[in-house]
2 protein chains.
Amino acid sequence: MIDSTSGKETSATHAAYLSLREMILTGVLPAGEKLKIEQLRKLLETGASPVREALSLLTSDMLVERIDQRGFRAAPASRANFEEILNLRCALEDMAFRQSIAQADSDWEERLVLSHHRMIRAANKPNFEIAHKVFHMTLLSNAASPMLERYCSQLYDLNIRYRYLAAAAANYQRRDISAEHIDILNAAIGRNADVASKALLTHYRLTGAYLSKQLGDL
Amino acid sequence: MIDSTSGKETSATHAAYLSLREMILTGVLPAGEKLKIEQLRKLLETGASPVREALSLLTSDMLVERIDQRGFRAAPASRANFEEILNLRCALEDMAFRQSIAQADSDWEERLVLSHHRMIRAANKPNFEIAHKVFHMTLLSNAASPMLERYCSQLYDLNIRYRYLAAAAANYQRRDISAEHIDILNAAIGRNADVASKALLTHYRLTGAYLSKQLGDL
DNA sequence: ATGTCAATAAATATCGATTTTTTATCTGGA
DNA sequence: TCCAGATAAAAAATCGATATTTATTGACAT
């Protein structure tokens, strides 16, 4: 097949992976929902094989569950799961952040300042969301522990899912989140692990408490 | 296809998944090796689709890496990776074990005693290996944190891989491992988190040091 | 009404062939 | 000799069709 109009950058599988991931994270595909191949195939306008493979891949991110011989479903959501994510996230990010600080160097500091700058300068909501994740992952990026970073990234995304879940009932929270970010940044650059880690965890726990309230039942 | 001789219990994909997993863990498929579909298809006597899907699934376990458009390879092994696994394992199991102990009840204690009994009674090597993992996972099973347990299980398996890698040069270690297991069991039942956790981590670190020596270069 | 069993419908899993992409090989010119 | 570009071989990705399994429905006996 020759397609001169759109230079398709990636494989059909990868495209399906990204789309499905987005749809699950934002709740377009609701938690716990059965994911039927045929249905997704039509929705994404692609073949069954890429859909199937994308779903298998999403298993790694704990966004999709697979039951042998009876297909796939979006990972279920529950208050217990939300709290588990929050707790794990705090424990693992604490570990990663402290390791990052322990090995702090000027290169890392510069990457921190840069990612923070890009975050506060982000023009629109989607850009901010991306930059926000980049900033937080940069905080952990100096731990020299790729698997730990992968776990943290995974948990970050799983948490985002609950943000969208809570967003339905969203009324605004009165918190200066930019100030919290600056505190984290400064403590990191100051290389004070205890203060920095405390600022980071407070940042997460405050968001967690807010989300928990919004979630109501579940 | 009608096959009256062998009641095939599972799907081709699941069978392929188990075989490939085993082959990667034991080093039959060496770390870093390119995993060609056609080659594995013939080896496992199955179709390309099940192989492909099994490999995608193994991505979750961090046993296989996938690079878009250029296939799969067995996850590489390195000293750094080995040490990262050891450290993460100690941190995460410490957390899970302490949570388990904090919520200790007689049901858990009985499951501990039982799994320990089955381990020391295991008739042969493969049975012991399985029972050993069950015992260790049981230690963590009372944490009520499925994701944390999943991480620990994953890391346990990744560590086994290095055991096989080291086994090539294996000369025997002079350690009373059964005694270490009993210490862990007793401390857990005694609900003394500090002692129990220390016993567990020592158990891992001793094995880690031994393996590290065996690994030599890498 | 209720539970079981067969028949049907729906969905998953798998196969075999084709297309696309990557990798290896070859050739001619600087 | 060595590098660029073309060509051939190999492998990955994808498609469309078929086989298998699971889920649903409805008739029938209890």
Side-chain angles (χ1 to χ4, degrees), chain A residues 1-21 23-24 29-61 63-76, chain B residues 1-21 23-24 29-61 63-76:
Chain A
M1 189 254 256
I2 295 127
D3 183 348
S4 55
T5 58
S6 85
K8 69 178 209 172
E9 306 296 345
T10 59
S11 65
T13 295
H14 191 239
Y17 172 82
L18 292 178
S19 299
L20 289 171
R21 179 190 174 79
M23 288 195 283
I24 294 171
L29 294 173
E33 177 139 304
K34 183 87 211 292
L35 301 174
K36 298 181 191 167
I37 306 292
E38 184 60 15
Q39 170 189 305
L40 296 176
R41 196 194 63 67
K42 272 184 269 188
L43 185 64
L44 303 180
E45 295 176 302
T46 185
S49 307
V51 169
R52 197 152 239 291
E53 189 156 332
L55 289 173
S56 295
L57 256 16
L58 281 165
T59 277
S60 311
D61 306 331
L63 288 171
V64 165
E65 280 183 358
R66 177 184 187 279
I67 306 163
D68 203 53
Q69 229 98 6
R70 67 197 60 168
F72 302 87
R73 65 178 51 244
Chain B
M1 190 252 254
I2 295 131
D3 184 347
S4 56
T5 58
S6 84
K8 68 180 212 169
E9 307 295 347
T10 60
S11 64
T13 295
H14 190 239
Y17 172 81
L18 292 178
S19 299
L20 289 171
R21 180 190 174 77
M23 288 195 281
I24 294 171
L29 294 173
E33 176 138 306
K34 184 87 211 294
L35 301 174
K36 298 181 191 167
I37 306 293
E38 184 60 14
Q39 170 188 304
L40 296 176
R41 197 195 63 66
K42 271 183 269 186
L43 186 64
L44 303 180
E45 296 176 301
T46 184
S49 307
V51 169
R52 195 152 242 290
E53 190 155 331
L55 289 173
S56 295
L57 257 15
L58 281 165
T59 276
S60 311
D61 305 332
L63 287 171
V64 165
E65 280 183 359
R66 177 185 187 280
I67 306 163
D68 203 51
Q69 229 100 7
R70 65 197 61 168
F72 302 87
R73 66 177 51 244

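Note on naming: letters A, B, ... go to the chains in the order of the sequence lines (proteins, then strands), and numbering restarts at 1 for each one.
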> For Gln69(A) and dA23(D), what is the distance between atoms CD and P respectively, to the nearest whole Å?
Replying inline: 10 Å

> Of all heavy-atom pairs between Thr13(B) and Ala54(B), which one has the smallest distance, and what is that distance?
Replying inline: O-CB, 3.9 Å

> Over how many whole Å does the gap from Glu53(A) atom CD to dT14(C) atom C1' extend?
Replying inline: 14 Å

> Taking CD1 from Ile67(B) and P from dA12(D), how many angstroms apart are they, rounded to a whole number?
Replying inline: 11 Å

> Taking for each residue the nucleotide of DNA chain D bearing the nearest heavy atom, is the 5' side occupied by Gly47(A) or by Arg70(A)?
Replying inline: Gly47(A)

> Should Ser11(A) be listed as having a side-chain N or O under 4.0 Å from OP1 or OP2 of dT21(C)?
Replying inline: no

>> Reading 5' to 3' and counting Watson-Crick or G-U wobble pairs with both distances under 3.5 Å, write the dot-bracket notation for DNA chain D, | for bases paired outside the strand.
In response: ||||||||||||||||||||||||||||||

> In whole angstrom, what separates Arg73(B)'s CZ from dT23(C)'s C1'?
Replying inline: 13 Å

> So, for Phe72(A) and Glu53(B), which heavy atoms are closest and what is the spacing to 0.1 Å?
Replying inline: CZ-OE2, 3.9 Å

>> To the nearest 0.5 Å, what is the distance between CG on Asp61(B) and CZ on Arg21(B)?
In response: 5.0 Å

> What integer distance in Å separates Glu45(A):CD from dT14(D):P?
Replying inline: 16 Å

>> So if I take residues 29-39 of chain A and measure heavy-atom distances to DNA chain C, which residues fall below 4.0 Å?
In response: Lys34(A), Leu35(A), Lys36(A), Ile37(A)

>> Salt bridge check, Arg70(B) against Asp68(B): does any charged N sit closer than 4.0 Å to a carboxylate O?
In response: no

> What is the distance from atom CE of Met23(B) to atom CG of Leu35(B), rounded to the nearest 0.5 Å?
Replying inline: 9.0 Å

> Do you know the tightest heavy-atom contact between Arg41(B) and Gly47(B)?
Replying inline: CG-C, 3.5 Å

> Tell me: CG of Leu44(A) to P of dC15(D), nearest whole Å?
Replying inline: 12 Å

> Is a donor on one side and an acceptor on the other found under 3.5 Å between the side chain of Arg73(A) and the backbone of Gly32(A)?
Replying inline: yes

>> From CZ of Phe72(B) over to C1' of dA12(D), roughly how many Å is that when rounded to an integer?
In response: 9 Å

> So, is Thr46(B) close to the dT14(C) phosphate, meaning a side-chain N or O under 4.0 Å from OP1 or OP2?
Replying inline: no

> Whole Å only: how far is the NE2 atom of His14(A) from the P atom of dA12(D)?
Replying inline: 18 Å

>> Using side chain to side chain contact (heavy atoms under 4.5 Å, CB included), reason through Leu20(A) and Leu63(A) one step at a time and then give a plain yes or no.
In response: CA-CA 10 Å; Leu20(A) 289 171; Leu63(A) 288 171; over 6 Å; no

>> I'd like to check the salt bridge (Lys or Arg N to Asp or Glu O under 4.0 Å) partners of Glu65(A); sequence neighbours left out, ordered by chain and number.
In response: none

